[in-house]
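Below is one structure, written out as structure tokens; comments come after it.
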There are 2 protein chains.
Amino acid sequence: MPDPVVVLIEDEPQIRRFLRVTLTGQGYRLFEATTGADGLVEVGSRQPDVVIVDLGLPDIDGIDVIRRLREWTAVPIIVLSARGQERDKVTALDAGADDYVSKPFGASELVARIRVALRHTAGASHEADDAAFKVGELRMDLLRRQVFVGDREVRLTPIEYKLLTTLVRHAGKVVTHQQLLREVWGPTHTDQAHYVRVYMAHLRHKLEAEPARPRYLLTEPGVGYRLAAD
Amino acid sequence: MPDPVVVLIEDEPQIRRFLRVTLTGQGYRLFEATTGADGLVEVGSRQPDVVIVDLGLPDIDGIDVIRRLREWTAVPIIVLSARGQERDKVTALDAGADDYVSKPFGASELVARIRVALRHTAGASHEADDAAFKVGELRMDLLRRQVFVGDREVRLTPIEYKLLTTLVRHAGKVVTHQQLLREVWGPTHTDQAHYVRVYMAHLRHKLEAEPARPRYLLTEPGVGYRLAAD
DNA sequence: GTAAATTTTTACGATTTTTTAACGGCCCGC
DNA sequence: GCGGGCCGTTAAAAAATCGTAAAAATTTAC
């Protein structure tokens, strides 16, 4: 994961400074807002992984900030508050906050709670990428890293698989030799065009019924290759 | 949603009684355990929506209970503790807990935090959250930490067990060397690829009828390994 | 404190994959 | 028809990866 992005909505300069040092020091990218209105805008534009919001803001009530955020985003919200009253906690949590930390709080506790929040979103997004590709008898399960022709599984070497993946990503469109070389072998091998020829032969041999008359892995003479799409 | 099921692992009778009244009164179905060992079994059999665990248990350390649970389930865990030390909180949260409530706590706050936990699982899909795994002759009881081939129990060392657990968690999918190293040996050992080779040989020797021709622990050359799934 | 078990290192042969090289066919301009 | 790019195929040499055993270091159990 790249550095997690955090939006902090907090009016007290001392706490902002404290969290700025703590969080940036731990590899988080921090964006700050000092009012509820600013905070809402900031969350909208930064698309953060976590939002930390203080309840005692000068303009809008912190609870309202949470409600407004929950109208359109499921980003984890951690509430920071001087009011340690139980009623406040319940109100904030029921408004849509995921956690509530009372001031004064320790840096390591807050960071641990941020890690918990990130853990939740990490799992959630992982379900959606059930990527699969299919054309004719050829089927590819990107998640399991498996390739089938009919119901026979075909084993591919790392380079073969990467090459096929690249073609799938641009399915139906022409991919030039240059592009394939750059994406599969890396930008330092863009002059070794014969690699592609050799591996395309391997793939056809493994995937095509008649390698000499390919149905899926098509040659675009003088340009590159194209993977057939429905 | 039908009434949410809660497992409470707590040895103090007063707190148990207090929560029994509170939670059953609010429509939760509560199951209680007074020791860590009991608690693990209870979670395994009741498949609860939330687990509440006290850190100061008579037998196992509460932190270990969390770790043991996290070996096979993603159920939300709320920690209850008299120790309000920041170090304890961080340890518990990093061990896999989702929330930490210090005693003394209010009923409504705890219930609000349970609601937050339930909100999280509501969105997530009910994926393989089972305490058992089986493929062919190979059977694994994650709850009891036992592994069987046929009806012969096989003893595994801690690392062997963790490696197998990791493969089980991604059963059917390829797990890269990097992933295995990170999840079993920790992120600081991701360059010692030979560890995986050595231990995969150990596991095959113990679990496969023909270690040289594995049926379950499959090699994905150049990428990693895969545990066969039905 | 000693013995046993487990983990970490190391080494080497076997296997798989990648790279390199060679050859033949096809299209096209000349 | 002749030669020169392109492309596909095949086979080999070279490199990387994998499986295995066994020794050394460390941890755990008694």
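Protein chains get the first letters and strands the later ones, always in sequence-line order, with residue 1 at the start of each.
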Can you work out whether B:A201 or A:G224 has the more 5'-proximal nearest nucleotide on DNA chain D?
A:G224
Can you tell me how far C1' of D:dC7 sits from CG of A:L180, to the nearest Å?
15 Å
Nearest-Å distance, CE (A:M200) to C1' (C:dT19)?
17 Å
Salt-bridge criterion met for B:R113 and B:D99 (N-O under 4.0 Å)
yes
Counting side-chain heavy atoms from C-beta on, which of C:dT20, C:dA11, D:dT9 comes nearest to A:P211?
D:dT9
A:E160 has an atom CD; how far is it from atom C1' of C:dT16, in whole Å?
11 Å
Taking the side chain of A:T219 as heavy atoms from C-beta outward, which of C:dT20, D:dG8, C:dT17 is closest to it?
D:dG8
Counting the atoms with a prime plus P, OP1 and OP2 as sugar-phosphate, which does B:R155 contact under 4.0 Å by heavy atoms, base, sugar-phosphate, or nothing?
sugar-phosphate
Taking NZ, NE, NH1 and NH2 as the nitrogens, is one of them in B:R16 or B:D11 under 4.0 Å from a carboxylate oxygen of the other?
no
Which residue lies toward the 5' end of DNA chain D, B:G222 or B:H202, if each is placed at its nearest nucleotide?
B:G222
Which whole-number value in Å describes the distance from A:K162 NZ to C:dT19 P?
11 Å
Classify A:A212 by what it touches in the nucleic acid, base, sugar-phosphate, or nothing, heavy-atom distance under 4.0 Å.
sugar-phosphate
Minimum-distance nucleotide to B:Y199 side chain [options: C:dT6, D:dA21, C:dT7]
C:dT7
To the nearest Å, how far apart are A:Q178 CD and D:dC6 P?
12 Å
Using a heavy-atom cut-off of 4.0 Å across all strands, would you classify B:H205 as base, sugar-phosphate, or nothing?
nothing
Is the distance from OP1 or OP2 of C:dT8 to the nearest side-chain N or O of B:W185 less than 4.0 Å?
yes
If I take atom CG in residue A:L203 and atom C1' in nucleotide C:dT18, what distance separates them, rounded to the nearest angstrom?
14 Å
From the set C:dT19, C:dT7, D:dT20, return the single nucleotide nearest to any side-chain atom of A:V198.
C:dT19
To the nearest 0.5 Å, what is the distance between CD on A:E160 and CE on A:M200?
11.0 Å
Do you see a donor-acceptor pair shorter than 3.5 Å between the side chains of A:H120 and A:D98?
no
Answer yes or no for A:R145 and A:Y161: cation-pi contact, defined as NZ/CZ to six-membered ring centre under 6.0 Å and angle to ring axis within 45°.
yes
Interatomic distance where NE2 belongs to B:H177 and P belongs to D:dT17 [whole Å]:
9 Å
Donor-acceptor contacts, no H, no angles, side chain residues 52-63 of chain B, under 3.5 Å, sequence neighbours left out:
unit_1 : atom_1 : unit_2 : atom_2 : d
B:D54  : OD1    : B:G56  : N      : 2.6
B:D54  : OD2    : B:K103 : NZ     : 2.5
B:D59  : OD1    : B:G36  : N      : 2.8
B:D59  : OD2    : B:G36  : N      : 3.3
B:D59  : OD2    : B:A37  : N      : 3.1

Which of C:dT6, C:dT16, C:dT18 is nearest the side chain of A:T157? It is C:dT18
With sugar-phosphate meaning primed atoms plus P, OP1 and OP2, does A:Y225 contact a base, only sugar-phosphate, or nothing at under 4.0 Å between heavy atoms?
sugar-phosphate
Kindly say if A:R197 contacts the phosphate of D:dT9, meaning a side-chain N or O under 4.0 Å from OP1 or OP2.
no
Is the shortest side-chain N/O distance from B:Q192 to OP1 or OP2 of C:dT9 below 4.0 Å?
yes
Output the rounded distance in Å from CG (B:L218) to P (D:dG19).
11 Å
